[in-house]
Amino acid sequence: QVQLVESGGGLAQPGGSLNLTCTASGFTFSSYAMSWTRQAPGKGLEFVAGIYNDGSDIYYHDSVRGRFTVSRDNAKNTLYLQMNSLKPEDTAHYYCEKGRGPILVFTTNGPLYDSRGPGTQVTVSS
């Protein structure tokens with residue numbers, strides 16, 4: 001079955017960096033678009049970044065564009081999120097999501113997905 005396992009979260013200072021990793025198994029990773037979403041305390045889920053199956057197209061939420069970089073290594077079945085210039089408002093639980101096909105299909109609630117990992121906590125605080 002599909003398994004998505006996020007890692008790399010933790011505590012960072014404002015202006016610092018973290019690199020999240022999502023290790024995937026149970027499906028042909030290279031055939032599916034992947035996304036990162038997050039949920040801050042008391043708030044709903046928010047799309048962060050997404051990438052097509054072959055990396056040919058990438059999308060970011062306006063709040064992270066220029067600071068975060070999403071990438072993937074299809075040979076390693078791994079999705080990454082490099083987060084730089086972190087802000088306190090980036091504090092959230094971050095999830096990896098598997099798309100329903102090779103490209104991202106966006107709705108008003110973010111991209112369609114069919115699996116989500118348990119997530120990893122990111123806390124940005126001095």
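Keep in mind that this is a model prediction, so the values were computed, not measured.
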Of all pairs that satisfy salt bridge (charged side-chain N to carboxylate O under 4.0 Å, His left out), the ones with a partner from residues 22-45, not counting sequence neighbours: R38-E46, R38-D90
Please name all residues satisfying ring pair (Phe, Tyr, Trp, His ring centres under 6.0 Å) with F47, sequence neighbours left out, ordered by chain then number. F106
So do M34 and F29 actually touch side chain to side chain, heavy atoms under 4.5 Å? yes
Any T91 side-chain heavy atom under 4.5 Å of V122 side chain: no
How about L20 and M83: do any of their side-chain heavy atoms sit closer than 4.5 Å? yes
Give every residue pair that meets the ring pair (Phe, Tyr, Trp, His ring centres under 6.0 Å) criterion with at least one member in residues 6-26, sequence neighbours excluded. none
If you group Ile, Leu, Val, Met, Phe, Trp and Tyr by side-chain heavy-atom gaps below 4.5 Å, do W36 and L4 land in one group? yes
What are the two closest heavy atoms between L18 and G10, and how far apart are they? CD1-O, 3.9 Å
If you look at every heavy atom in S31 and N53, which pair is closest and at what distance? C-CB, 3.6 Å
Taking the side chain as C-beta and beyond, is there a heavy-atom pair between Y95 and L45 under 4.5 Å? yes
Under 4.5 Å between side-chain heavy atoms, hopping through other hydrophobics if needed: is there a path connecting I58 to Y94? yes
Please check if any side-chain donor atom of S17 sits under 3.5 Å from a side-chain acceptor atom of N84, or the reverse. yes
Are the side chains of Y32 and P102 in touch, meaning some heavy atoms are under 4.5 Å apart? no
Determine, using the 4.5 Å side-chain heavy-atom cutoff (strictly less than), whether V48 and Y113 are members of one ILVMFWY cluster. no
Please examine the side chains of T69 and L81, heavy atoms only from C-beta on, and report whether any two atoms are closer than 4.5 Å. no
With rounding to the nearest 0.5 Å, note down the distance linking OG in S56 to CD1 in I103. 9.0 Å
I'd like to know if the side chain of R100 and the backbone of L112 have a donor-acceptor N/O pair within less than 3.5 Å. no
Rounded distance (nearest 0.5 Å) linking atom NZ of K87 with atom OG of S63: 8.0 Å
For T107 and N109, indicate whether the former's side chain and the latter's backbone hold a donor-acceptor pair under 3.5 Å. yes
When you compare the side chain of P88 with that of P14, does any pair of heavy atoms fall below 4.5 Å? yes
Listed once per pair and sorted, the salt bridge (charged side-chain N to carboxylate O under 4.0 Å, His left out) pairs that draw on residues 111-126, sequence neighbours left out: E97-R116, K98-D114
Under 3.5 Å donor-acceptor, S35 side chain and G50 backbone: no
Please list all pairs meeting salt bridge (charged side-chain N to carboxylate O under 4.0 Å, His left out) that have one or both residues in residues 48-59, counting only residues at least two apart or in different chains. none
Worked verdict on H93 versus Q39 for side-chain hydrogen bond (donor to acceptor under 3.5 Å, both in side chains): CA-CA 5 Å; H93 207 73; Q39 187 165 25; over 6 Å; no
With a 4.5 Å heavy-atom cut-off, do C22 and V5 have their side chains touching? no
Roughly how far apart are R65 CZ and Y59 OH, rounded to 0.5 Å? 11.0 Å
Which heavy-atom pair separates I51 from L104 by the least distance, and what is that distance? N-CD1, 3.7 Å
Sequence neighbours excluded - ring pair (Phe, Tyr, Trp, His ring centres under 6.0 Å) pairs with any residue from residues 60-83: none
